[in-house]
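The basis for the numbers below is simple: all heavy atoms, side chains too, and nothing from hydrogens, waters or symmetry mates. One-based numbering along the sequence shown. Whatever order the structure lists ligands and atoms in, that order sets their numbers, starting from 1.
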Amino acid sequence: MGFLADALSRVKPSATIAMTQKARELKASGMDVISLSVGEPDFDTPDHIKEAAIDAIRRGETKYPPVSGIVPLREAIVRKFKRENGLDYKPSQTIVGTGGKHVIYNALLATLNPGDEVVIPRPYWVSYPEMVALAGGTAVFAETDMAHAFKLQPEELERVITPKTKWIILNSPSNPSGAAYSHAELKALTDVLMRHPHVWVLTDDMYEHLTYGDFTFVTPAQVEPGLYERTLTMNGVSKAYAMTGWRIGYAAGPEHLIKAMDFIQGQQTSGATTIAQWAAVAALDGTQEHLARFRAAFQDRRDLVVSMLNQATGLKCPMPEGAFYVYPSCAALIGRKTEAGKTIETDEDFVTELLQTEGVAAVHGSAFGLGPNLRISYATSNKALEEACTRIQRFCASLR
Ligand SMILES: Cc1ncc(COP(=O)(O)O)c(C=O)c1O
């Protein structure tokens, strides 16, 4: 009420940012804190990408960009989708935004009317429901469970679709669970969507390049070409190129949708930073050699963390296919007491006590819509991970 907008009351603060902040405060007070709550690679942006940005500054690429993105980047995006996903788009079917988050938000702003529903599988990336709410739509949650590795099942998708459904957001590999859909698993979902021609698909492919073992990434419009006309394929450079601070995301889809997003962006940001866009051209068109290094490091850490967490009393941790998160259940520890006599009633209690007694920061699963779990980011050194998991084991063993 009063001076601030009512829209603020529709939005929750980000639990991941809150946990990172809490960890930072404890660290500042002198505690030895290991943060497993961050959502970004610990690697540096590859040098050839930085050089491209420096060159762009020297060439004077410092004026307003076209709203939807500089032509060389839109062309590089077209090449990327063709080369990596077998998808044909024209440059006019692409748009560049200030991070993947901004692209998703604009797609929702450009399409949602009051009463429109957006299907979001749980556990979800924290921003989806909030962005839907800000854009005036209604989030409708689809349930998953650990027995199905947190992957949406076709029957559940069928159950949640109504005549008001406008979008489904599909995020694979997933933040927070790391789960990624195989071709067959995704096809089972796109088969359902083919029976509901009013439902559009918003893919969040941010973690496309971070998959492990022999897993092969696929995206909905590739698996089911029949969905091409109602799919927005979203991706970005933040995770695969360690470029979270550059703030470049992009998407491709039907031209009328891209035009609507361009229209909003024109009155909003007037397009993403030119220098970062030139860096993104180098990221997409340049050598992908660093990816093998990133993947090998992340796979090694995933294996370490899953193994050590499964040795902790009461934790159960599935082995995810991608991203840099694991999502163990702490269900067996709910109801137990800490040495100080505090009862662990929720996963939020679990992560709070873990941070206070052992100085390990994780995020509670209920913040992502499914608990009692915790999300652990393994985008940090093996040494820190080993120490953190040892502390988690000690904490779990201390609960009575
Ligand atoms: C699933 C998912 N989608 C989108 C984003 C946003 O990416 P960007 O940093 O490019 O806005 C993130 C970042 O954490 C994410 O985890």
Out of curiosity, Gln299 CD to Tyr378 OH, how far, rounded to the nearest 0.5 Å?
8.5 Å
Pairs of nitrogen or oxygen atoms closer than 3.5 Å, one from Ser238 and one from ligand 1: do any exist?
yes
Which protein heavy atom lies closest to atom 12 (C) of ligand 1, and at what distance to 0.1 Å?
Trp125 CZ2, 3.5 Å
Residues, nucleotides or ligands: over 12 heavy atoms within 6.0 Å of Lys101 NZ
no
Could you check atom 9 (O) of ligand 1 against the protein and tell me its nearest heavy-atom contact, residue, atom and distance included?
Arg247 NH1, 2.9 Å
Can the ring centroids of Phe217 and His209 be said to lie less than 6.0 angstrom from one another?
no
Give a yes or no on this: more than 12 heavy atoms of other residues, nucleotides or ligands lie within 6.0 Å of atom CZ of Arg59.
yes
What protein heavy atom lies closest to atom 7 (O) of ligand 1? Include the residue and the distance to one decimal.
Met206 CE, 3.4 Å
Just distances here: any N/O of Gly100 and N/O of ligand 1 closer than 3.5 Å?
yes
Please list, in number order, the atoms of ligand 1 under 4.0 Å from a heavy atom of Gly99.
10 (O), 11 (O)
Is the distance between the ring centroids of Phe298 and Tyr207 less than 6.0 Å?
no
Rounded to the nearest 0.5 Å, the CG atom of Leu257 sits from the CZ atom of Arg230 at a distance of 13.5 Å
Can you pull out the closest protein heavy atom to atom 14 (O) of ligand 1? Residue, atom name and distance to 0.1 Å, please.
Lys239 NZ, 2.7 Å
Go through ligand 1 atom by atom and flag the ones less than 4.0 Å from a non-hydrogen atom of Asn171.
1 (C)
Between CZ on residue Arg159 and CD on residue Glu143, distance to nearest 0.5 Å
6.5 Å
Give me the nearest non-hydrogen protein atom to atom 1 (C) of ligand 1 as residue plus atom name, then the distance to 0.1 Å.
Asp204 OD2, 3.3 Å
Does Phe263 have more than 12 heavy atoms from other residues, nucleotides or ligands lying within 6.0 Å of its CZ?
no
Any idea which heavy atoms bring Leu170 and Pro220 closest together, and the distance?
CD1-CG, 4.2 Å
Any N or O on Thr244 sitting closer than 3.5 Å to an N or O of ligand 1?
no
Would you say His102 touches ligand 1, if touching means a heavy atom closer than 4.0 Å?
no
Is the shortest N/O to N/O distance between Tyr128 and ligand 1 below 3.5 Å?
no
Just distances here: any N/O of Lys101 and N/O of ligand 1 closer than 3.5 Å?
yes
Give a yes/no on ligand 1: does Glu40 have at least one heavy atom closer than 4.0 angstrom to it?
no
